[in-house]
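Worksheet: one structure, shown below.
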Amino acid sequence: ELKVEQNPLFLSMQEGKNYTIYCNYSTTSDRLYWYRQDPGKSLESLFVLLSNGAVKQEGRLMASLDTKARLSTLHITAAVHDLSATYFCAVLRGYGNKLVFGAGTILRVKS
Amino acid sequence: SAVISQKPSRDICQRGTSLTIQCQVDSQVTMMFWYRQQPGQSLTLIATANQGSEATYESGFVIDKFPISRPNLTFSTLTVSNMSPEDSSIYLCSVEEGRGMDEKLFFGSGTQLSVL
C-alpha cells in the first residue's frame, strides 16, 4: 500500500528565510504532484514531477524529485507572507490513476 | 485548465438527511474523482466515476453511503446519505486534464458540509 509522508507538518518562517518541505513515499510511482491550499479554498496545482532528477521552479518555489530515494522536496526561497498556505504532496498510485496525499504542511510566514 | 464548478459550496444539514453535491466541468473528461477532506486532515479518495459504468469505491467507502452518478462526460453527483456529524468534511471533485507529461489533476472549489 502506498504511503506518503510529509514533514514538517507545521512550519513557521520569518520573511526572507529559506526552508524545505520533504515528501517521502513508500512505493514506486510515475508521478508526484505538489498542491497549495489556502484556508477555505480548493487545491491549486503547483508542480507535476515525472522523472528522476526533475526540477521545476515557479517564483520562490522549487520542487525536485528523486525517484530512487522516493523523495520530493519543495524549497522555499526568501519567503514572503503571501506564501502562507497548506502545501500537499500527492503521489500517483501505480494502478487506477489515483492520488495518495500526504498529510500536508501548514506554512506560516511571519513578517 | 479545466473549469470545475461544484454546488453547493457549503451546507449545514441535519443528522439522518442526505445531500447531493454536483460537479460540472467545462470540457469532456473520462475520469472524475471524488475526495473527502475531514477537518484539519489531508484528502482521501472516495471513488472514481467513469461515464457509462458503476463508480469504483476505495476501501472504507460504500455505494449505499456515497452513491455517485455520472450521466455524461461533463457532470457527476455525489450523494452523502443518512448523514452523521462524522460526515462533516469538505468534499471535492477532481478531473484529469492533458496527456502524458502534461497530465494534471484539477480540483473543484469544494463543498463544505457541516452535519448537526
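Remember, it's a predicted structure, so these values are computed and weren't measured experimentally. Chain A is the first sequence line, chain B the second, and so forth, proteins listed ahead of strands; every chain is numbered from 1.
- Heavy atoms closer than 4.5 Å to chain B are found nowhere in Glu44(A), neither backbone nor side chain.
- Each of Gly110(B), Ser94(B), Gly108(B) has some count of heavy-atom pairs under 4.5 Å with chain A, and the biggest count is that of Gly108(B).
- The main-chain N or O of Gly102(A) is found under 3.5 Å from a side-chain atom of Ser42(B) such that the two form a donor-acceptor pair.
- Gln112(B) places no side-chain N or O within 3.5 Å of a backbone atom of Ser89(B) that could act as its donor or acceptor partner.
- Comment: Glu58(B) engages Arg93(A) in a salt bridge, judged by a side-chain N to carboxylate O separation of less than 4.0 angstrom.
- No donor-acceptor pair under 3.5 Å is formed between the side chain of Lys56(A) and the backbone N or O of Leu49(A).
- Ring pair Tyr35(A)/Phe107(B): centre-to-centre distance below 6.0 Å.
- Interface residue Leu43(B): backbone and side-chain heavy atoms are both found under 4.5 Å from chain A.
- Contacts of Gln6(B) with chain A are absent, with no heavy-atom separation under 4.5 Å from either backbone or side chain.
- When the candidates Ser51(A), Ala103(A), Ser45(A) are compared by the number of heavy-atom contacts under 4.5 Å with chain B, Ala103(A) comes out ahead.
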